[in-house]
Amino acid sequence: MTELSPAQHLRNRLAAHLEVLYPQLGNAGLIEEMIAAMALDQRCFMPEAHKNHWDESDALVITYGDSILRDGEWPLHTLHDFLRRELRGVVSGVHILPFYPYSSDDGFSVINYVEVNPSLGDWQDVSAIARDFDLMADLVINHCSSRSLWFENFKQRRDPGQDYFVEVDPSVDLSAVVRPRTSPLLSEVQTLDGKRHVWCTFSHDQVDLNFENPKVLLEFIKIIRYYLDMGVKIFRLDAVAFLWKIPGTSSLNLEQTHEAVRLLRSLIEHAVPDAIIITETNIPLRENLAYFGNANEAHMVYNFSLPPLLINTLVTGSSRALKTWMMGMPAAQDGTTYFNFIASHDGIGLRPAEGLLDDEEIKALVGVMQKSGGRVSWRALANGENRPYEINISLFDAMRRRLDGSHGGDGEDGYQEQRFICAHALMLAVQGVPAFYIHSLLATENDENRVLHTSHNRAINRHQWSADNLEEQLATTSHHARIFAVLKELIKLRAKQPAFHPNAAQYPLHLGDHVFGLRRECHTEGSAGQSLLAIYNISACAQTLAMSSLNLDADKHWRELLSDTDIHPEAGDIVLPPYAYCWLASRP
């Protein structure tokens, strides 16, 4: 059999993708347009299947471009200075949330995809960060701003843009459409041709793009090429699950959406073989996992079930739901893995907890978060009811109380810091690549003033630090300094353990309701590799474990990594104070 060249291999794949997306079109010309838009007519690589582009040393920080501000300095300069000074050698990558000109939603209503918001800096600043860290950027692909040139052209009925948006007759039955918001789905706009109704999944300032028009897909291929040239390595496909619309369906996770992701993957990996796609799909677990495809869609999927389950575990003191979920988690095959996090610029999504926590458990979790200053965002159901969609709260304040309220009647028991650190130590042990929202690394509290100023619930966890104030806090014994130091050391220690490779095998342990444990196994060719047990007391009471119950391999030498002490597999007990944890690792 004749081996195909990379270019012919790509053309064959594109033809298969386009047959699903645009079966009515003759796609030969479109294939060549896509190849030219990605500059693959100049240089085309052959991607290696099932290759892991990550290892145990990888961890990311998530931040806005202006999360840290200094008078007289561009925010991207300030951010870069902080990253180099505090996180070089700790994290491998940085996700800078949308840094483009925007009209609302803190960047996710993009006016111009190929410009940097002038209030932050310019592309030179972005590229400078990309030279020091793997850069993750948002491809806000489902919608754009109502103030964008494309939408202005839509209203004026001129190109480019006049056919870039989804027009729907308001008499059409759209009741099956799944919504993440309570606003009306359709927005009435005045055009040169009269009133039109356009599809708006999220807000009327975020108008959904029409990917049934291949010109829209071509626009985003050009944008992707530009981002690659500017140093972007990791693409976060924002809200991609809503990409394709068909009235009469849920318009969520449609086959055409998956095919579009596969097409983008084909183009990106033939252009830059070690580039990575991450799908941001805040949906129930099974639907989320489908974005791995056959290791031909997303390289990583957001592990959206982890945040609500992990927070619930720490505030209830029960590992039941977390352990049950983890026992059913499929191992990510080589070339794919999970993107783990506890907090982000958004809130704690509750849809991924559906079927994992029952309605009463979700209600109780929402209640304790509200007592700690959290807000609730809602989504509309087809029957007209509203259901909690996400909890908006800083992660540090989310750990303020225990759910049982046995101490003083409100659950505050003095263990806030311990719960907070325990949650991150647990997240670091889970199969996948860990990511830390900057306000979790810094243990930032709820920003009530920002909520009042913006009238948006999500602003509660989007604080902007004064660089001078932050430096002062980190130079003291503040909780910010204490927690930041502990988390940095944990990340660095994790990076040295082969058993924490994002694809190393993972087995939940059965240690009772108040203790959670994982066994990780890294099997290297020709040797057994490292075994590691990560064990956590997720309760406010001390817990004792017999060493014999852990079933450690007697023919291996074991060491507790955090205290750097030898462990004897059959000798004595492990005593864990409230919210304490240990990492037991085999060594040669």
Side-chain angles (χ1 to χ4, degrees), residues 105-106 108 175-185 200-203 206 238-239 241-242 250 252-253 280-288 302-316 318 320-322 324-325 341-405 410-411 423 437 440 446-448 450-451 454-462:
D105 198 19
D106 280 355
F108 286 92
S175 60
V177 174
V178 172
R179 298 293 313 288
R181 300 289 186 271
T182 57
S183 58
L185 177 60
C200 299
T201 296
F202 290 88
S203 80
Q206 294 166 296
D238 177 65
F242 301 93
S250 68
L252 181 70
N253 306 315
E280 188 268 335
T281 48
N282 192 354
I283 49 180
L285 176 63
R286 287 186 181 181
E287 299 167 37
N288 190 29
Y302 271 77
N303 207 347
F304 274 113
S305 297
L306 184 61
L309 288 178
L310 187 47
I311 293 168
N312 184 73
T313 296
L314 271 297
V315 300
T316 63
S318 170
R320 178 194 57 80
L322 181 64
T324 300
W325 165 70
F341 68 108
I342 315 175
S344 72
H345 63 290
D346 289 337
I348 303 162
L350 294 175
R351 285 211 73 205
E354 292 174 8
L356 305 172
L357 300 175
D358 62 34
D359 288 346
E360 287 303 311
E361 288 174 311
I362 290 176
K363 181 179 178 181
L365 179 61
V366 168
V368 74
M369 295 297 106
Q370 287 176 313
K371 285 184 179 180
S372 296
R375 312 294 179 94
V376 180
S377 296
W378 303 82
R379 68 183 179 96
L381 302 182
N383 62 8
E385 295 180 8
N386 291 336
R387 176 171 290 180
Y389 176 72
E390 69 179 18
I391 303 165
N392 304 112
I393 192 170
S394 81
L395 185 62
F396 186 63
D397 279 316
M399 295 296 171
R400 192 191 303 174
R401 287 172 167 78
R402 281 175 35 216
L403 185 57
D404 63 18
D410 65 1
Y437 186 40
S440 297
N446 290 337
D447 191 333
E448 297 288 352
R450 195 165 171 83
V451 175
T454 63
S455 299
H456 292 299
N457 287 347
R458 286 177 167 177
I460 200 168
N461 196 25
R462 298 178 179 179

Quick one: are Leu285 and Trp325 in side-chain contact, heavy atoms under 4.5 Å?
yes

Tightest non-hydrogen contact, residues Ala398 and Val315, listed as O-CG1, 3.7 Å

Residues Asp358, Lys363: salt bridge by 4.0 Å N-O rule:
no

Donor-acceptor side-chain pairing of Ser377 and Asn392 below 3.5 angstrom
yes

For the residue pair Leu306 and Ile342, establish whether any side-chain heavy-atom pair is separated by less than 4.5 Å.
no

Nearest heavy atoms of Ala423 and Leu310, plus distance in Å
O-CD2, 3.5 Å

Looking at Arg458 and Glu390, does any basic side-chain N land under 4.0 Å from a carboxylate oxygen?
yes

When you look at Asn312 and Glu361, which way does the side-chain hydrogen bond (donor to acceptor under 3.5 Å, both in side chains) test go after all the steps?
CA-CA 9 Å; Asn312 184 73; Glu361 288 174 311; 5.2 Å; no

Is the shortest side-chain heavy-atom distance between Tyr389 and Asn282 below 4.5 Å?
yes

Distance, nearest 0.5 Å, that separates CG of Leu322 from CG of Leu356:
10.0 Å

Nearest 0.5 Å please: distance from the CG atom of Leu365 over to the OG1 atom of Thr313.
10.0 Å

Working for ring pair (Phe, Tyr, Trp, His ring centres under 6.0 Å), residues Tyr437 and Phe341:
CA-CA 8 Å; Tyr437 186 40; Phe341 68 108; 9.8 Å; no

Looking at every heavy atom in both Gly374 and Asn446, which two are closest together, and how far apart are they?
N-ND2, 4.5 Å

Taking side chain as C-beta onward, heavy atoms only, is Arg450 less than 4.5 Å from Ile460?
no

Quick one about Thr182 and Asn386 (side-chain donor to acceptor, distance below 3.5 Å, no hydrogens or angles considered), yes or no?
no

Is there a donor-acceptor pair closer than 3.5 Å between any side-chain N or O of Asn461 and the backbone N or O of Ser344?
yes

Evaluation steps, side chain to side chain contact (heavy atoms under 4.5 Å, CB included), between Phe304 and Glu280
CA-CA 9 Å; Phe304 274 113; Glu280 188 268 335; 3.7 Å; yes

Hey, is the main chain of His456 close enough, under 3.5 Å, to the side chain of Thr454 for a donor-acceptor pair?
yes

Does the side chain of Phe202 reach to within under 4.5 Å of the side chain of Ser183, using non-hydrogen atoms?
no

Please round to the nearest 0.5 Å and tell me the distance separating atom CD of Glu287 and atom OG of Ser250.
8.0 Å

Could you label the plane-to-plane angle of the His345 and Phe108 rings as parallel, tilted or perpendicular, counting under 30° as parallel and over 60° as perpendicular?
parallel

When rounded to the nearest 0.5 Å, the distance separating CE of Met399 from OG of Ser440 is 9.0 Å

Quick one: pull up CZ in Arg320 and CG in Leu357 and give me the separation to the nearest 0.5 Å.
7.5 Å

Between CG on residue Asn253 and CZ on residue Arg286, distance to nearest 0.5 Å
14.0 Å

Any Arg181 side-chain heavy atom under 4.5 Å of Ser203 side chain:
no

Has the side chain of Asn457 got a donor or acceptor atom that lies under 3.5 Å from a matching backbone atom of Val451?
no

I want to check something: taking the side chain as every heavy atom from C-beta on, are Met369 and Arg400 in contact at a cut-off of under 4.5 Å?
no

Pair Glu354-Leu350, side chain to side chain contact (heavy atoms under 4.5 Å, CB included): steps then yes or no:
CA-CA 7 Å; Glu354 292 174 8; Leu350 294 175; over 6 Å; no

Would you tell me whether Ser372 and Asp397 have side-chain atoms, one donor and one acceptor, within less than 3.5 Å of each other?
no

Can you check side chain to side chain contact (heavy atoms under 4.5 Å, CB included) on Arg375 and Ile391, steps first, answer last?
CA-CA 6 Å; Arg375 312 294 179 94; Ile391 303 165; over 6 Å; no

Ion pair Asp447/Arg462, N-O distance below 4.0 Å
no

Check: Arg179 side chain, Thr201 main-chain N or O, donor-acceptor pair, under 3.5 Å:
yes

May I ask you to decide if Pro352's main-chain N or O and Ser305's side chain share a donor-acceptor pair within less than 3.5 Å?
yes

